[in-house]
Visitor: 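I'd like to ask some things about the structure below.
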Amino acid sequence: QVQLVETGGGLVQAGDSLTLSCVASGRTISRYAVAWFRQAPGKDREFVACFTRTGSRTLYKDSVKGRFTISRDNAKNTVYLQMNSLKAEDTAVYYCAADERIIYSDLGRHTAWDYWGQGTQVTVSS
């Protein structure tokens with residue numbers, strides 16, 4: 001079992017930056033695919049960014065490309081999401097996910113991921 005805990009959310013103004021952290025415990029996730037998803041009120045959970053299982057590729061939702069950066073520190077068993085130039089439409093609960101066996105074509109489907117954190121709220125005021 002893998003436990004994931006997200007931190008770093010908060011209330012910021014449009015244009016500000018925020019860094020989310022996701023600390024894993026229970027197992028080393030260096031060989032896992034890891035991702036960030038988000039869910040706004042009344043909307044489905046949507047893919048934001050991920051590392052593939054090999055860790056050799058990063059993928060991003062089109063609307064966050066150039067503003068968000070996913071990174072990982074395997075020594076700390078931690079994944080980060082650096083968010084710059086935040087917009088009001090980035091407001092959501094952000095979730096970290098991990099999976100050891102997920103295939104490439106399923107990376108964007110939240111139902112395909114095995115392990116989830118509890119989420120951290122990000123609110124961007126305009």
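Computed over heavy atoms, backbone and side chain alike; hydrogens, waters and symmetry mates excluded. In this text the structure is predicted, and so the values were computed from the model without any measurement.
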Visitor: Grab the two heavy atoms, one from Ala112 and one from Asp99, that are nearest each other, plus how far apart they are.
Guide: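 Taking Ala112 first and Asp99 second, the nearest heavy atoms are O-OD2, 3.3 Å.
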Visitor: On a heavy-atom basis, which atom in Val93 and which in Gly119 lie closest, and how many Å separate them?
Guide: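 Shortest heavy-atom contact: CG1-CA, 3.8 Å.
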Visitor: In Å and rounded to the nearest 0.5 Å, what is the CZ to CG distance from Arg27 to Asn77?
Guide: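 The distance works out to 12.0 Å.
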Visitor: Taking all atoms of both residues into account, what is the closest heavy-atom pair of Gly108 and Phe37, and its distance?
Guide: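 In this case the closest contact between Gly108 and Phe37 is O-CE2, 3.8 Å.
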Visitor: Out of Ser21, Cys96, Cys22, which residue meets the side chain to side chain contact (heavy atoms under 4.5 Å, CB included) rule with Thr7?
Guide: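 Looking at Ser21, Cys96, Cys22, the match for Thr7 under the side chain to side chain contact (heavy atoms under 4.5 Å, CB included) is Ser21.
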Visitor: Any chance you could lay out the side-chain contact (heavy atoms from CB on, under 4.5 Å) test for Val122 and Asp90, step after step, and finish with the verdict?
Guide: CA-CA 8 Å; Val122 173; Asp90 295 320; 5.6 Å; no
Visitor: Can you name the nearest heavy-atom pair linking Ser17 to Ser85, along with the distance?
Guide: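 Reported closest heavy-atom pair: OG-N, 4.3 Å.
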Visitor: Working note: Asp44 + Glu46, criterion side-chain contact (heavy atoms from CB on, under 4.5 Å); need CA distance, chi angles, decisive distance, verdict.
Guide: CA-CA 6 Å; Asp44 290 336; Glu46 65 176 8; over 6 Å; no
Visitor: Run Tyr115 and Glu100 through side-chain contact (heavy atoms from CB on, under 4.5 Å) and show every step you take.
Guide: CA-CA 9 Å; Tyr115 301 107; Glu100 189 176 18; 5.9 Å; no
Visitor: Using 30° and 60° as the class boundaries, would you call the ring planes of Trp116 and Tyr95 parallel, tilted or perpendicular?
Guide: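 It falls in the perpendicular class, over 60°.
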Visitor: So, is the end of the Arg45 side chain (NZ or CZ) under 6.0 Å from the ring centre of Trp113 and within 45° of the ring's axis?
Guide: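 Judged by the rule, Arg45 and Trp113 form no cation-pi pair.
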Visitor: Let me check something: do Val79 and Leu4 share a hydrophobic cluster, defined by ILVMFWY side-chain heavy atoms less than 4.5 Å apart, either directly or through other members?
Guide: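 Yes; tracing contacts between hydrophobic side chains, which count when under 4.5 Å, links both residues.
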Visitor: Would you kindly confirm whether Phe68 and Phe51 end up in one hydrophobic cluster when ILVMFWY residues are joined by side chain heavy atoms under 4.5 Å apart?
Guide: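 Yes, because Phe68 and Phe51 connect within a single hydrophobic cluster, where side-chain heavy atoms sit under 4.5 Å apart.
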Visitor: To the closest 0.5 Å, what do you measure between CD (Gln82) and CD1 (Ile70)?
Guide: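 CD1 of Ile70 is found 12.5 Å from CD of Gln82.
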Visitor: Would you find a donor on one side and an acceptor on the other, under 3.5 Å apart, between the side chain of Asp16 and the backbone of Gln13?
Guide: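 Yes: the side chain of Asp16 pairs with the backbone of Gln13.
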Visitor: Below 4.0 angstrom, N of the basic side chain to O of the carboxylate: do Asp62 and Lys65 qualify?
Guide: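 A salt bridge links Asp62 with Lys65.
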Visitor: Do the side chains of Val34 and Leu107 join up, straight or via other hydrophobic residues, at under 4.5 Å, putting them in one cluster?
Guide: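 In one cluster: no.
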Visitor: If I take atom CZ from residue Phe47 and atom OH from residue Tyr60, how far apart are they, to the nearest 0.5 angstrom?
Guide: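 Spacing of CZ (Phe47) from OH (Tyr60) equals 9.0 Å.
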Visitor: So which atom in Leu59 and which in Tyr104 form the shortest heavy-atom distance, rounded to 0.1 Å?
Guide: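 Shortest heavy-atom separation between Leu59 and Tyr104 comes out as CD2-OH, 3.6 Å.
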Visitor: Are Val23 and Met83 connected into the same hydrophobic cluster when the rule is that any two of I, L, V, M, F, W, Y join if their side-chain heavy atoms are below 4.5 Å apart?
Guide: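 Per the 4.5 Å side-chain linkage, Met83 and Val23 are not co-clustered.
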Visitor: Nearest 0.5 Å, please: how far is OH in Tyr94 from CG in Leu81?
Guide: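 The OH atom of Tyr94 is 7.5 Å from CG of Leu81, to the nearest 0.5 Å.
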Visitor: Does some side-chain heavy atom of Gln3 sit less than 4.5 Å from a side-chain heavy atom of Val5?
Guide: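 They are not in contact (no side-chain heavy atoms under 4.5 Å apart), so the answer is no.
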Visitor: Of all heavy-atom pairs between Thr120 and Glu6, which one has the smallest distance, and what is that distance?
Guide: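 Looks like CG2-CB, 4.0 Å.
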Visitor: In the structure I gave you, are the side-chain heavy atoms of Lys61 and Arg38 within less than 4.5 Å of one another anywhere?
Guide: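 Sidechains of Arg38 and Lys61: in contact.
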Visitor: Is the shortest heavy-atom distance from the side chain of Thr91 to the side chain of Gln121 under 4.5 Å?
Guide: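 Yes. Closest side-chain heavy atoms under 4.5 Å.
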Visitor: Which distance, rounded to the nearest 0.5 Å, do you find between the CG of Leu86 and the CZ of Arg67?
Guide: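 Leu86 CG to Arg67 CZ: 6.5 Å, rounded to 0.5 Å.
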Visitor: Give a yes or no on this: more than 12 heavy atoms of other residues, nucleotides or ligands lie within 6.0 Å of atom CZ of Arg109.
Guide: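 Yes, CZ of Arg109 has more than 12 neighbouring heavy atoms, counting only those of other groups under 6.0 Å.
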Visitor: Got a second to check how far Asn74's CG is from Ile29's CD1, nearest 0.5 Å?
Guide: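 Reported value, rounded in 0.5 Å steps: 7.5 Å.
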